[in-house]
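What follows is one structure encoded as structure tokens, with my remarks underneath.
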4 protein chains.
Amino acid sequence: MEDKRALIRSAAVRAFARKGYHACRVSDIAEDAGVAYGLVYHYFGSKEAVLETVFRETWQAMLDAIQAVEELGEPAPEQVRKVAAIVLRTWRNDPDLVRVLVREVTRSPQLQNEIGEISLAFAALARIIERGKAEGSFRADLDSRLAATMVYGALEEILTGWVMGQLPDSDEDVAAAERAVAATFANGLA
Amino acid sequence: MEDKRALIRSAAVRAFARKGYHACRVSDIAEDAGVAYGLVYHYFGSKEAVLETVFRETWQAMLDAIQAVEELGEPAPEQVRKVAAIVLRTWRNDPDLVRVLVREVTRSPQLQNEIGEISLAFAALARIIERGKAEGSFRADLDSRLAATMVYGALEEILTGWVMGQLPDSDEDVAAAERAVAATFANGLA
Amino acid sequence: MEDKRALIRSAAVRAFARKGYHACRVSDIAEDAGVAYGLVYHYFGSKEAVLETVFRETWQAMLDAIQAVEELGEPAPEQVRKVAAIVLRTWRNDPDLVRVLVREVTRSPQLQNEIGEISLAFAALARIIERGKAEGSFRADLDSRLAATMVYGALEEILTGWVMGQLPDSDEDVAAAERAVAATFANGLA
Amino acid sequence: MEDKRALIRSAAVRAFARKGYHACRVSDIAEDAGVAYGLVYHYFGSKEAVLETVFRETWQAMLDAIQAVEELGEPAPEQVRKVAAIVLRTWRNDPDLVRVLVREVTRSPQLQNEIGEISLAFAALARIIERGKAEGSFRADLDSRLAATMVYGALEEILTGWVMGQLPDSDEDVAAAERAVAATFANGLA
DNA sequence: GATGAATGAGATTTCATTCAT
DNA sequence: AATGAATGAAATCTCATTCAT
């Protein structure tokens, strides 16, 4: 019944978030999903493929959301704010997922082949900043690739702070973080 | 002869950098150091302890350097610039070390006990920003903890870009990155 | 449609020949037959039963052919020649089948219960040789069981040479092999 | 103490002989040798490598013995007799070893890379027969490769008969088999 | 201090087989 | 008859760690 594949996928997110990818056995995922562990192999082929799938499907959704922001054609600082909102609000929607992405995927030595997809996010941010330079919102001498890196880094570190329990993460804190990022880079890159 | 302990320690940094902590076997470290792997246990006690030692000794040096900056009593934006310089220049000095710290330690689920030491760096940055607010360099409504997180995140992401080969890292690029971080946060936090 | 059971049986021969019994998964058989693997169980009950069936049905046909030779009542050397012809020509008819019988069945530790059926072939050969002794074609002090073993071994090894690609196997080579076996044992056992 | 590698090697022969290669677990070998199974990997690297080693080391010894026969320069039929003696007496010396070689190695699909070494034995037999043709002991129109195959097949099948318990194998039977092979091919190939 | 043989817990993965549909 | 999702026993292999020398 239902969709066992999706069931396993979301159980994997929980399990990876709870114990970390390496410490998490395939049987932990299966147990969490309430299925036999053979089924994980039936649907995903390997433990690593589960992580990869989680990453790819999630990341694509985020890339789509960012692209939608770009297409609105609003001023660059507003676009940066919206991207910050998208990234940071994901935390509220699915903290376990963020935990996994932040801890296991982003700088994993194993998933270096995913770098291409990760860098698409940087590229989108760089495009936004480039447009900001063109419209005069940002300084002309800015290296947009580098600026994109700083923005992305600031966002990811805030997420990490939440993941690690080092920063408060109430709804109000999330909103405040969003404003802080927006303001800092609106001024900082101007 | 010489100092076998130091020999093993630096071999470990190379080995962890090359293959990642998990994929790296104790025998890889020993081989790289040119000793029998039993000796790794003689000096460090466990594989995890090697990583911990690498982290702790390095991190302490960085904390000391940051504290020295604080004690000079210069204006906050200048202190931020100097911290950026310290962090980014480490890359030039020892890329393998940075690779290991960035990939394995900072958000490792295993080394969560090191979080205390990691957060000392955030605390130092937060103190600097707090002082910037007092002296009028930074806006008064800033959450200094959050601001410190953004600065640290920007720095670490630039390092990551270098580690992952996504950003150019010539001496000139390193200097430019340092200036970009300094300028962005001097303005952005003002 | 058609006869799915026969379809699966012949797909199994191909699959076993290609990958070997152990390396061959039930799904390989099913795939080769173009059916779902559940159907293999419907018709045969188990993977081992498929191999057993292949063996038994084939072997019986060969035993029947040999018995027909016996019943003709020709001189023993001529009977040996005809048995050689039967065994060796099977290769031309169905090399995959020979491959499976030679590699998987004959000395499989699992199918030791089939030994009874295998030894019927030896027994037939031994009877022919025994009659050869009676009629004076073969030496009287011959151990017919041992002689039958030698004849059978020579035949199987020639098949093996073909299976393994170590001996040439054109039609002419097959005919030459048949003559060589006949001549060697006609003289050798005399 | 003692030579653990040799200990494991001979335990493997016993274990493979008893249960067959596939049905035999690595831990069976280790248990038989009285060591932890990790040690099997320490010395051999994999289960397959154990079988390969057993084969290669044994086979080489047999090739050496056959070569020694060749070098004596005796008449070809006598050389054939001596080769038969070498091959058949192995059964008395180490039945388990023969069991493994006959059942697992000779026509294993996995060890097809060993074929080169197996065919060296055929080549030696073919050389002997070729010399027999030159010296007039064997008929000139003989295909020596094919004849070698028959001799080898006869020998292997006799071993198989002993392995499978289908032929009597007392010392006297072994001696009789040796004489039967020698006589059959001395006459049969003449 | 130094070595590496020896250990064995534990993880991944395979795949024959079952069974609901 | 036909399918293939679901199961889980079982096997291989890895590798951190111990310890006798």
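All of these numbers come straight from a predicted model, not from anything done at the bench. Sequence lines set the chain letters: A, B, ... in the order given, protein chains first and strands last, and positions in each chain run from 1.
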Query - Base-pairing string, 5' to 3', of DNA chain F - Watson-Crick or wobble, under 3.5 Å, | interstrand - result: .||||||||||||||||||||

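Taking the side chain of Arg25(B) as heavy atoms from C-beta on, and the options dT3(F), dT12(E), dC15(F), the nearest nucleotide is dC15(F). The side chain of Ala36(B) approaches dG4(E) more closely than any other nucleotide in the set dT12(E), dG4(E), dA5(E).
Contact check, His42(B) against dG1(E): a side-chain N or O comes under 4.0 Å of OP1 or OP2. Using a 4.0 Å cut-off, no side-chain N or O of Tyr37(C) falls inside it from OP1 or OP2 of dG4(F). For dA2(E), the OP1/OP2 oxygens have a side-chain nitrogen or oxygen of Lys4(B) closer than 4.0 Å. Between Tyr41(D) and dT7(E) there is no side-chain polar atom (N or O) within less than 4.0 angstrom of OP1 or OP2.
Sequence order on DNA chain E of the closest nucleotides to Ser27(C) and Tyr43(B) puts Tyr43(B) first from the 5' end. In this structure, Leu39(A) and Val35(C) both approach DNA chain F, and ranking their closest nucleotides by distance from the 5' end singles out Val35(C). Each of Ser46(B) and Cys24(D) was assigned the nucleotide of DNA chain F with the nearest heavy atom; the assignment lying further toward the 5' end belongs to Cys24(D).
Taking atom CD on Glu31(C) and atom C1' on dT3(F), their separation rounds to 15 Å, with Å as the unit. At whole-Å resolution of the value, CZ in Arg5(C) and P in dA2(F) are 13 Å apart. Atom NE2 in His22(C) sits roughly 10 Å away from atom P in dA16(E) (whole-Å rounding). Between the CD1 atom of Ile8(A) and the P atom of dA6(F) there is a distance of 8 Å, given to the nearest Å. Rounded to whole Å, atom P of dA5(E) lies 16 Å from atom CG of Leu7(D). If you take CD of Glu48(C) and P of dC15(E), they are 17 Å apart, rounded to a whole angstrom. In this structure, the NZ atom of Lys19(B) is 10 Å from the P atom of dA16(F), given to the nearest Å. Counting to the nearest Å, the C1' atom of dA6(E) and the CG atom of Asp3(D) are 14 Å from each other.
Looking at Ile29(B) and Cys24(B), their side chains come closer than 4.5 Å, going by heavy atoms from C-beta outward. No side-chain heavy atom of Arg99(A) sits less than 4.5 Å from a side-chain heavy atom of Phe16(A). Counting only heavy atoms from C-beta outward, the side chains of Arg5(B) and Leu39(B) never approach each other to under 4.5 Å. Side-chain contact between Tyr37(D) and Arg25(D) is absent, with no heavy-atom pair separated by less than 4.5 Å.
More than 12 heavy atoms of other shown residues, nucleotides or ligands fall within 6.0 angstrom of atom CD in Gln60(C).
Taking the centre and axis of the six-membered ring of Tyr41(A), the NZ or CZ atom of Lys47(A) falls outside the cone set by 45° and 6.0 Å.
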Requested in this report: Run the numbers on Val105(B) and Trp59(B) for side-chain contact (heavy atoms from CB on, under 4.5 Å), then give the verdict.
Outcome: CA-CA 11 Å; Val105(B) 181; Trp59(B) 200 255; over 6 Å; no

